[in-house]
Structures are given as C-alpha cells and as structure tokens.
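Heads up, the thing below is written out as structure tokens.
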There are 2 protein chains.
Amino acid sequence: MPEPANQALRPARRNEIRQQNEALILQAAEKVFAEAGFGGATMQLIADVAGLPKANLHYYFATKEELYRKVVQNIFEIWLHAAESMDNAPGPVEGIGAYIDAKMEISRRHPDGSKVWASEVMHGAPVIQDYLETTLRDWTAGRVALIQGWIDAGQMAAVDPRHLLYLLWAATQHYADFGHQIETLNAGPLTERQWREAKASVKMMILRGIGAV
Amino acid sequence: MPEPANQALRPARRNEIRQQNEALILQAAEKVFAEAGFGGATMQLIADVAGLPKANLHYYFATKEELYRKVVQNIFEIWLHAAESMDNAPGPVEGIGAYIDAKMEISRRHPDGSKVWASEVMHGAPVIQDYLETTLRDWTAGRVALIQGWIDAGQMAAVDPRHLLYLLWAATQHYADFGHQIETLNAGPLTERQWREAKASVKMMILRGIGAV
DNA sequence: CTTCAACTTGACCATACGGTCAGGAAAAGA
DNA sequence: TCTTTTCCTGACCGTATGGTCAAGTTGAAG
C-alpha cells in the first residue's frame with residue numbers, strides 16, 4: 001500500500017481529504033461517545049470536537065448510527081489484533097502473559113474505545129450482536145481449546161477456560177472502563193511506573209491464580 | 001419501624017402510596033437507565049415501564065437528573081452493604097471469599113444496578129464524584145490496611161492491595177456489566193449450576209492468585 | 001480554459017424530549 | 001358533612017436534536 005503517511009494536513013489530494021476527514025470525525029466521535037454514551041452524544045458536539053461543521057459529518061456518515069457503528073467496528077479490530085498475541089506461545093505464562101500485556105496496553109492507549117465497547121455490550125450489543133455470535137464466539141472457542149490443551153499438558157491448573165477468559169477481559173478492561181474511579185482513588189492519573197506495577201500485579205495474580213507460576 | 005410489608009397494592013394508605021409509587025418508578029428507572037444509558041433513557045419510557053403517566057413521575061421526582069441520582073445512590077447503598085462482608089474475617093480466604101460471594105450475588109440479583117453504576121463511573125461520575133472522594137476512598141483505605149495486615153501476618157502473598165481490590169471489582173462486576181456478552185457466548189442465561197461454577201472459578205483463581213490457598 | 005465530480009456549509013425542518021400547569025379525584029382531618 | 005391536603009393526569013410549551021437541502025467552492029481530467 002503506497003500510503004504517503006501524511007501527518008500534517010497540507011497538500012490534500014482528493015483521496016486524502018476523505019481519509020483525513022473520516023479519521024478526524026471517527027476520532028472525535030469515539031471521544032464523545034465514550035464520554036456521553038450513544039444517547040447523550042450529539043452530532044453537533046462531535047462536529048465541534050472534530051472542528052468541522054455538522055453538515056459535513058453527514059456528508060461522510062449518513063446517520064449517527066452509521067458513525068457509531070464505524071467507531072465500534074474500529075474498536076473490535078483493535079481488540080482482535082491484540083487477541084493474536086495469545087497464539088504461538090509455548091505455554092500459559094508466555095501466552096496469557098502476552099495477552100494481558102496487550103490488553104492492558106489497549107486500556108492505556110485506547111480508553112475511549114474500551115468505554116464505547118463496554119457501553120455497547122452493556123446496552124445489549126445492538127449493533128455488534130452478529131460479531132459476538134460469529135467472530136467472538138469462534139475466537140473464544142479456539143482459545144478455550146488452546147487453554148484446555150495447556151491444562152491437559154499439565155502446564156497450568158484445571159480452571160474453567162471460559163471463566164479464565166472472562167477474568168482476563170474484566171481485569172484488563174477495568175483499567176480503562178473504570179479509569180476515572182482508579183484515578184480518583186489514586187489522586188491523579190497513573191504514572192508510567194504505576195502502569196508497570198498495575199500490569200505486573202494483574203499478571204502475577206492471574207498467572208499464579210491459574211497455577212502457571 | 002412498623003412497616004406493614006405490603007406486597008400487593010390494595011388498601012393504599014396515604015403514606016404507602018408515596019412509598020409504593022416511588023419504589024415502582026425507581027425500579028423502572030433503574031431498568032431503563034441500564035438499558036439505554038442516561039442520555040438514551042426517556043421519562044416517557046420510564047413512565048411506560050412503571051405503568052404511570054409521565055406527569056406523575058415529575059410529581060415524585062422533579063427532574064430526570066434527580067431520579068437518576070436516586071437510582072445511583074440506591075446502588076451505592078447495596079454496594080456498601082456487600083462491602084461489609086469483608087470485615088471480621090480471620091483471614092483472606094474467609095474475608096475475600098465472602099466478598100467475592102457477595103459481589104457475585106449482586107451481579108446476579110441486581111445486574112441493572114451494576115450497569116448503571118458502571119455507566120456512571122465510565123462517564124466520569126458526574127453525580128457521585130463526591131462519594132468516590134469520601135466514602136469510597138475511606139472504605140478503600142481501610143481495606144488496603146486490612147489486606148496489608150494479612151500480608152504482614154504471612155496469610156497471603158505480597159500483592160499490591162489496591163490492584164487486588166480492582167481485580168475483585170472487575171472480576172465480579174463483569175458478570176453483570178458484560179452479562180449480555182457472556183450469555184451470547186453461553187448460548188443463553190447462566191443456569192443455577194453455572195452461576196455456582198462461575199463463583200467457584202472466580203474465587204479459586206483469585207484466592208490462589210494471592211497465595212491464600 | 002472548461003467541465004465535472006467531489007467536497008463544503010449556513011439555513012432550514014420535523015420531531016421528540018424534558019418539563020409545566022391547571023383542574024380534578026381521592027384521602028385525611030374536623 | 002365540609003375543608004384541606006395530597007395525589008393524579010391530559011394537554012400544552014420551548015428547546016435541542018438528527019437530518020436535509022440547495023447554493024456554493026475546490027480539486028481533477030480533458
């Protein structure tokens with residue numbers, strides 16, 4: 001893909017305009033949806049955050065739903081990518097350890113995306129129900145088999161693989177979804193050092209919890 | 001308190017009418033706020049769910065915000081009550097075990113409340129920020145000390161008490177907040193037996209994770 | 001330069017929402 | 001019974017929101 005990787009916004013070739021504005025809008029939308037929820041978000045506010053007139057949003061995204069759907073799909077992409085980190089590992093320490101690292105990094109780098117995802121699922125997954133029933137279900141089945149293999153090989157304790165996955169999701173996403181609570185209790189955002197401690201704590205507790213260390 | 005514990009809705013003494021209708025509205029509101037979020041919820045829908053005319057809601061609760069605030073406060077009460085289960089325990093196995101049981105039970109019995117709470121925190125705790133800074137912070141400090149005591153007494157591994165608390169909150173609340181996802185992967189609601197397994201799995205993984213078993 | 005398609009945007013519209021209110025019904029008190 | 005207080009509710013209102021549109025501007029193609 002011969003992408004110019006244009007960081008600034010000068011030349012603006014026809015094709016780039018579209019990509020640039022779509023990205024700008026999606027970024028603003030993710031933030032606003034995360035902060036206000038789908039119902040509380042307004043196209044006007046998203047437009048203001050993006051620095052574009054509202055009518056321009058509707059040129060690129062016909063409806064609020066369509067824009068929201070794109071945001072959620074983007075998050076799912078990131079999620080799936082992180083999910084790969086679990087594969088090709090010789091055992092649970094490496095596989096689950098890498099997965100925790102990847103998911104903690106998402107919580108740190110994309111807290112808004114995580115919140116939008118959480119909100120979507122909490123409200124009954126109105127737009128990504130099909131993904132849950134296909135992609136996520138398949139991915140989960142594969143990972144359950146992987147974990148069961150590690151158990152059968154004596155590399156970890158005989159825990160229920162599904163509940164382990166839930167624990168992994170819960171523990172890692174909590175640092176994004178409940179970030180405000182954590183920051184309040186911490187009297188400020190987590191520092192670089194505190195993030196390392198958080199990662200290490202989660203990894204240690206879970207890996208020991210499944211008898212892998 | 002000489003409360004008649006009136007389950008049906010017959011006699012309707014003056015005082016009971018108020019209590020009954022407020023409870024009815026709060027119940028409906030919790031459900032609607034959980035399903036649609038604050039911004040997506042409408043007074044009309046809450047009224048329909050409660051089976052009352054919309055104007056009647058405004059007789060008992062002046063504004064949507066006031067109603068929402070009451071719902072969130074109710075949830076916080078339940079949360080605080082469950083929090084007591086951790087005290088007066090001889091060690092982490094009993095204390096944390098009981099706390100996990102209590103919180104899992106809340107996820108099962110009050111999933112809507114849990115979702116409203118999660119949503120509130122995700123959106124920056126606009127109405128319960130003061131609770132986070134006072135009640136929750138104090139409670140957390142106390143529990144951190146309690147856990148540190150267990151660590152110092154050699155009853156569990158030297159984990160960071162704060163991250164343990166976050167793990168407890170995350171793991172248990174996940175079964176309510178992401179219940180829809182779990183039910184989709186489970187091809188249906190968790191059965192009585194599956195709930196027992198969930199509880200046991202969470203408890204086992206975490207207790208072993210902190211070196212208490 | 002001309003033409004055409006892609007992009008931009010201020011002004012506008014219909015609707016849905018939170019909230020109000022006046023007038024009536026039903027208890028409680030005297 | 002009469003009076004007072006609480007409760008109930010259909011009809012109404014101002015506003016904010018998602019979405020439309022028509023008239024423009026800008027970049028590409030010939």
Starting at [atom1] of [X] and ending at [atom2] of [N], how long is that distance when rounded to a whole Å?
X: B:L67; N: C:dC17; atom1: CG; atom2: C1'; result: 15 Å
X: B:L45; N: C:dG18; atom1: CG; atom2: P; result: 10 Å
X: A:F38; N: D:dT17; atom1: CZ; atom2: P; result: 14 Å
X: A:R69; N: D:dG18; atom1: CZ; atom2: P; result: 16 Å
X: A:H58; N: D:dC21; atom1: NE2; atom2: P; result: 12 Å
X: B:Q44; N: C:dT15; atom1: CD; atom2: P; result: 17 Å
X: A:E22; N: C:dA6; atom1: CD; atom2: P; result: 14 Å
X: A:F61; N: C:dC7; atom1: CZ; atom2: P; result: 12 Å

Review item, nucleotides 8-12 of chain D N/O atoms under 3.5 Å of protein N/O:
residue	atom	partner	partner atom	Å
D:dC8	OP1	B:N21	ND2	3.2
D:dC8	OP2	B:N21	ND2	3.2
D:dC8	OP2	B:Y60	OH	2.5
D:dT9	OP2	B:N56	ND2	3.3

Before accepting this row, confirm whether a basic side-chain N of the pair A:K199/A:E105 lies closer than 4.0 Å to the acidic partner's carboxylate O.
-> yes

Is a salt bridge present between A:R143 and A:D87, judged by a nitrogen-to-oxygen distance below 4.0 Å?
->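 So A:R143 pairs with A:D87 through a salt bridge.
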
Donor-acceptor pairs are to be reported for all side-chain atoms of residues 64-71 of chain A against protein atoms at under 3.5 Å, with residues two or more places apart or in another chain.
residue	atom	partner	partner atom	Å
A:K64	NZ	A:F38	O	2.8
A:K64	NZ	A:A41	O	2.9
A:Y68	OH	A:E120	OE1	2.6

Check every atom of C:dT20, C:dC7, D:dG18 against the side chain of A:R18 and return the nucleotide holding the closest atom.
->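 The answer is C:dC7.
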
Are a donor atom and an acceptor atom from the side chains of A:N74 and A:E30 found within less than 3.5 Å of each other?
->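 No, A:E30 and A:N74 have no side-chain donor paired with an acceptor closer than 3.5 Å.
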
Answer with yes or no whether the side chains of A:H180 and B:Q129 bring together a donor and an acceptor at under 3.5 Å.
->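 Yes.
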
Do the side chain of B:R137 and the main chain of A:T184 share a donor and acceptor less than 3.5 angstrom apart?
-> yes

Quick one: label A:E65 by what it contacts on the DNA or RNA (base, sugar-phosphate, nothing), any heavy atom closer than 4.0 Å.
->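 The residue A:E65 makes sugar-phosphate contact but no base contact.
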
Determine the contact category for B:A41: base if any of its heavy atoms lies under 4.0 Å from a base atom, sugar-phosphate if only primed atoms, P, OP1 or OP2 are that close, otherwise nothing.
->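 B:A41: backbone/sugar contact only, no base atoms under 4.0 Å.
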
Using residues 166-177 of chain A as the side-chain source, report each donor-acceptor pair under 3.5 Å to any protein atom, sequence neighbours left out, with the distance given to one decimal.
residue	atom	partner	partner atom	Å
A:W169	NE1	A:Y99	OH	2.9
A:T172	OG1	A:L168	O	2.7
A:T172	OG1	A:W169	O	3.2
A:Q173	OE1	A:K103	NZ	2.5
A:Y175	OH	B:H163	ND1	2.7
A:D177	OD1	A:S114	OG	2.8

